[in-house]
Amino acid sequence: MDLLQGLNPAQRQAVEAVDGPVLVIAGPGSGKTRVIVQRIAYLVKTCGVRPYRIIAVTFTNRAARELRERVHRLLGQSVQDLTLGTFHAICARILRIEADDAGLDSSFTIYDAADQTSLLKRTLEDTGIDPKRFSPGALKHAISAAKARLLTPAEFATTRANYFDEVVLRAYERYEERLRQSNALDFDDLIMKVVRLLEGNDRVREKYQSRYVHVLIDEFQDTNLAQYRLARLLAGGSRNLCVVGDPDQSIYAWRQADVGNILNFEKDYPGAQVIKLEQNYRSTQTILEASSEVIAVNRERKAKELWTENQQGLPITVVDALNEQDEALLVVHEIDRLTKEAGRRFSDCAVMYRTNAQSRPLEEAFVRYGLPYHLVGATRFYERREVKDVLAYLRLINNPFDDVNLLRIVNVPSRGIGQRSLDELARWATGESVPIYTALQLLAQSDDPDEQSRSGPELTARALRSLTAFRELIDSLAEAAKQRTVAELVEHVLTQTGYRDHLLASDDRGEERLENVLELRTVAEGQALFDDENALGEFLESIALVSDADDAGERPDSATLITLHQAKGLEFPVVFIVGMEEGVLPHIRSFDDPAQMEEERRLCYVGMTRARERLYLVRAYRRAAMGTRTTNPPSRFLADVPKRLTVSPSRRGRDAVSTPSRPESGRTATRVGTLVLDQTPAPDLKPAPAPFQAGDRVRHEIFGDGIVVTCGVNGVDHEATVAFRGDVGVKRLLLAYAPLEKV
DNA sequence: ATGTTTATTATTTTT
DNA sequence: TAATAAACAT
C-alpha cells in the first residue's frame, strides 16, 4: 500500500518531511487530520520508526480519539504503543509515573473548574480577601494565567504590577498550599509540573527525550507558553518536532493561547520546513471565498491563498430577522424546508452562536415545531450534581486528604453535620495545617485520656459522634474498595452511604438522577479491564480529563446547536450562524481591544468555514439581552462578505404563512414570515411604503382597537407605535410580525 | 435541616 | 430577565 497515494503535493510533503522541525499551516478543510494520520503511518511503515518512539499531542479528547481510530485503521494493533492523547492526559500520566521526582503523591486528585472555585473560595476566607471586591472567577483566571506562563507564586511576585496582582499573589500562595495539602492538582498544574520536572530533573528529561524521537503537536495555534515549552522539551532530543495549526483559527487567546507560538516558529526553530496546506476539500468556492474575505481584514496575520476544486455552489444567504424569536423561527423553518424539499437530514444542519444564552430561543423554536435537535455541551455528564457527588465519594476513597470533595459530601445525605460544626472543624484543621480527614483522625485520638492536653476543636458531643461516624464510613469504604471492581464499588457506595435513598427521596427527578449515577457505574464496568490494584485510580483519571460520558455515541437524526468555539474542528453541509450583530458577534467586550476584535473575526471565520454547501448568516434587528432590549446594527463581518456572493431573500410576512410541519398540539403556532430563497440575488431590501399613517385606526388580534401614533422604518420593516384602547396602552409593533389591520 | 428570600451575575471554557 | 447561589428564617 502506498501511503502517499491520494495526497496533494503539499500534503505529501508534510507527510514525508520527517527530519527536523516542521511547521504545517493547515487551512480549514485542508485535510489536516489526514496528513497527521498518514505521517504517523509513514513514520512507522516506511521509515521503520517504532510506534513507541512517537508522541502525538492534541487539545481535545475528540481529536485524540479520532486520530487513534484512523491510525488504527492503517497500523492495526501497533497504535497501542503510540503515545497519543491530550496535553493534560499525557501530563497526568507522566506525573503519576514520575510522582516521586515531581514531589507528588501518585494518588493525587485532579480538580476541575468547579473544584478549583470551591477551593479558591476557602482560600479567600483564609486570606481575608473580600469576594465582593475580587470575584473568585477573576482570581481563578489570574492564577490560571500565571500557571500558563509557568509562574510560581514567588515568580509571579516579581512580575506583579498593581494592587490586583497583589491580591492575586496572596490568593495564589494560599491556594497552592491548600492544593498541596489536599494532594490535588488543577488542570494547569498538570502541564506546569511536567515542564518543571523535565527542566529540573536530568534523569527524567533524558528518559523522555531519548524515548520520543518524533513529536507531533496538533492545534499549535492554541498552545500557551507552558504547552509550548513542553513541546520544546519533548522534542529536545531529536528536534523532530512537527507542529500543525492555523493562526486564523486561534480563538483561545483568552485562555492564554499565544498565536506567537506558531507565528514565530521559524525563528525559534531555524531551518524549519514550512508547509502550507491551502487546498480546501470541504466548502464550495462561494463559502471559501466569502470566509477568506472576512479573515483577510485582520492585520496581525500572514496571508494564505486558499483554493478549492469544489463547485461554485449556492450563494450565502444573509437574512435579517426582527428579534431573536423571529431569528429562531426562521432557522427552524428553513431546516424544516431543507429536510422536506432539499433531501437534507437534520443531522446535516448546525446552528452556531457566539454565546450559550443564544441557544434558548432556538431551542424553544425547535421544541415548538417538533423538530429534532441536540444542544452540544449543555449539561455535561460529569458536571451533574449527582454524578459529582458519587465521584466525590470515589475520589475521597482514593485520596482522603481531598478537602474539596470531602466537604462536598460530608453531609450529603445529611448526617447531622451542620455548617457550624463543619466550620469549627475546618478552622481547627487550618490552624493545625492538616487536611480535614487528618483532623478527623486526630479527633479520634484526642478521645484518649492521655491526649486531653491538646486543645481540640470545640464540638458538641453530637457533632463529634456524627463526624466520627463519617470518618468510619470513609474508612470502611476504602477497605471495601480493595476487594471490589470499580462498578461494584459504585454500587457499594450508593448503598452504604445512603445516597441512593437520598436521591430517590429528595427530589421528584430522583429516578432520573439515579439513572445518571447508574450510568456512571456502566462507564466503570467498561473499564473493568484493568484489574490491577489501582483500578480505582485509573478510572478516576480516565474521567477527570473528559467532560462527556459518551459524546462518541450515535445520535438520532437531529440538528446541532453549538457555540462557535465548540464548532472548531467540525463540519456540516448546512450551517447557520445566528446573531450576526455588533455586540454579539463581535462580542461587545471586544470593542475596545483590537487584538480581541481580531479574535472575534477569527471566530466568525471558524464558523463560516464549518459549512460545506450552504451557509446562512442571520441577524436580529432587536434582541433581549440581560433584561434589556437592544437594537444592534448588523455585524461588521457581514459587510466584509462580498455582495456578489450573497442573497438576501425577501421575507413575506403576514400573507405568506407556511404551516410548520409538526406543530405541538395545544399551542398556537405563531404567524411568521417565510423565508423565500431565490437564486437570483435580490437587491438590497427596502421596506415597502408605510402601510399606516399617524391617526389611522387599526385593529390587532390580541390588543384590540387602537390609533397609530407614529409609523416609521425600522430596518427592513416598519415599526408602528399604536395607542390601544382600554388598559392595553401604547405598544410598539413591528408590522411584519404583528398582524395589524386597518379599520 | 429545610424551604424561602435575597443577592449576584451573565463571553467564549479543548482540559 | 432569569438562573443560581448564598443568606436567612422557620
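FYI, side chains are in, hydrogens and waters are out, and symmetry mates aren't considered; it's all heavy atoms of this structure. Numbered from 1 within each chain, the chains take letters A, B, ... in sequence-line order. Note that the coordinates shown come from a computational prediction; the quantities given were computed from them, not determined experimentally.
- Distance from the side chain of A:Arg462 is smallest for B:dA1 among the nucleotides B:dT13, B:dA1, B:dT15.
- In this structure, A:Asn356 reaches the B:dT12 phosphate: one of its side-chain N or O atoms is under 4.0 Å from OP1 or OP2.
- Spacing of C1' atoms, B:dT12 relative to C:dA5, comes out at 23 Å, to the nearest Å.
- A sub-4.0 Å separation between OP1 or OP2 of B:dT2 and a side-chain N or O of A:Ser414 is present.
- Rounded to whole Å, atom P of B:dT15 lies 13 Å from atom CG of A:Leu190.
- Taking atom CD1 of residue A:Ile588 and atom C1' of nucleotide B:dT11, one finds them 12 Å apart after rounding to whole Å.
- OP1 or OP2 of B:dT12 has not a single side-chain nitrogen or oxygen of A:Lys568 nearer than 4.0 Å.
- Taking 4.0 Å as the cut-off between side-chain N and carboxylate O, A:Arg427 and A:Glu424 count as a salt-bridged pair.
- Whole-Å rounding puts the A:His141 NE2 to B:dA10 P distance at 13 Å.
- The aromatic rings of A:Tyr228 and A:Phe220 are tilted relative to each other, their planes meeting at an angle between 30° and 60°.
- The pair A:Asp115-A:Arg408 does not count as a salt bridge, with every side-chain nitrogen at least 4.0 angstrom from each carboxylate oxygen.
- Remark: P of B:dT12 and CD of A:Gln596 are 14 Å apart, rounded to the nearest angstrom.
- If A:Lys132 and A:Tyr252 are placed on DNA chain B by their nearest nucleotide, the residue sitting closer to the 5' end is A:Lys132.
- The pair A:Glu363-A:Arg360 does not count as a salt bridge, with every side-chain nitrogen at least 4.0 angstrom from each carboxylate oxygen.
- Ring stacking holds between A:His587 and B:dT11, with the centres under 5.5 Å apart and the planes within 30 degrees of each other.
- Note on A:Lys32 versus A:Asp246: no salt bridge recorded, every NZ/NE/NH1/NH2 to OD/OE distance being 4.0 Å or above.
- Within 4.0 Å of A:Lys140, counting heavy atoms only, lies no atom of the nucleic acid at all.
- Dense packing is recorded around CD1 of A:Ile97, with more than 12 heavy atoms of other residues, nucleotides or ligands lying under 6.0 Å away.
- Counting only heavy atoms from C-beta on, A:Arg360 has its side chain closest to C:dA3 among C:dA3, B:dT15, B:dT12.
- Within 4.0 Å of A:Gly569, counting heavy atoms only, lies no atom of the nucleic acid at all.
- Not one side-chain nitrogen or oxygen of A:Asn411 sits closer than 4.0 Å to the OP1 or OP2 atom of B:dA1.
- Note on A:Glu599: nothing from the nucleic acid sits closer than 4.0 angstrom, heavy atoms only.
- Within the 4.0 angstrom heavy-atom criterion, no nucleotide atom of any strand lies near A:Asp112.
- In terms of phosphate contacts, A:Thr563 brings no side-chain nitrogen or oxygen within less than 4.0 Å of OP1 or OP2 of B:dT11.
- Residue A:Arg589 places at least one side-chain N or O under 4.0 Å from the OP1 or OP2 atom of B:dT11.
- Ring orientation note: the planes of A:Trp254 and A:His565 are nearly perpendicular, at an angle over 60° on the 30°/60° scale.
- Remark: C:dT4 base-pairs with B:dA7. Criterion, Watson-Crick or G-U wobble with two distances under 3.5 Å.
- Remark: ring of A:Phe87 does not overlap the six-membered base ring of B:dT15 in a stacked fashion, as centroids less than 5.5 Å apart with planes less than 30° apart are not both met.
- Look at CD on A:Glu364: it is 15 Å from P on C:dT1, rounded to the nearest Å.
- The distance between atom CD1 of A:Ile417 and atom P of B:dA1, rounded to the nearest whole Å, is 10 Å.
- The residue among A:Ala544 and A:Ala357 whose nearest nucleotide of DNA chain B lies closer to the 5′ end is A:Ala357.
- Atom-to-atom, CD of A:Gln419 to P of C:dA9 comes out at 17 Å; the value is rounded to the nearest Å.
- Here C:dT1 presents its P atom at 16 Å from CG of A:Asn323, a figure rounded to the nearest Å.
- Between A:Gln566 and B:dT13 there is a side-chain N or O to OP1 or OP2 distance below 4.0 Å.
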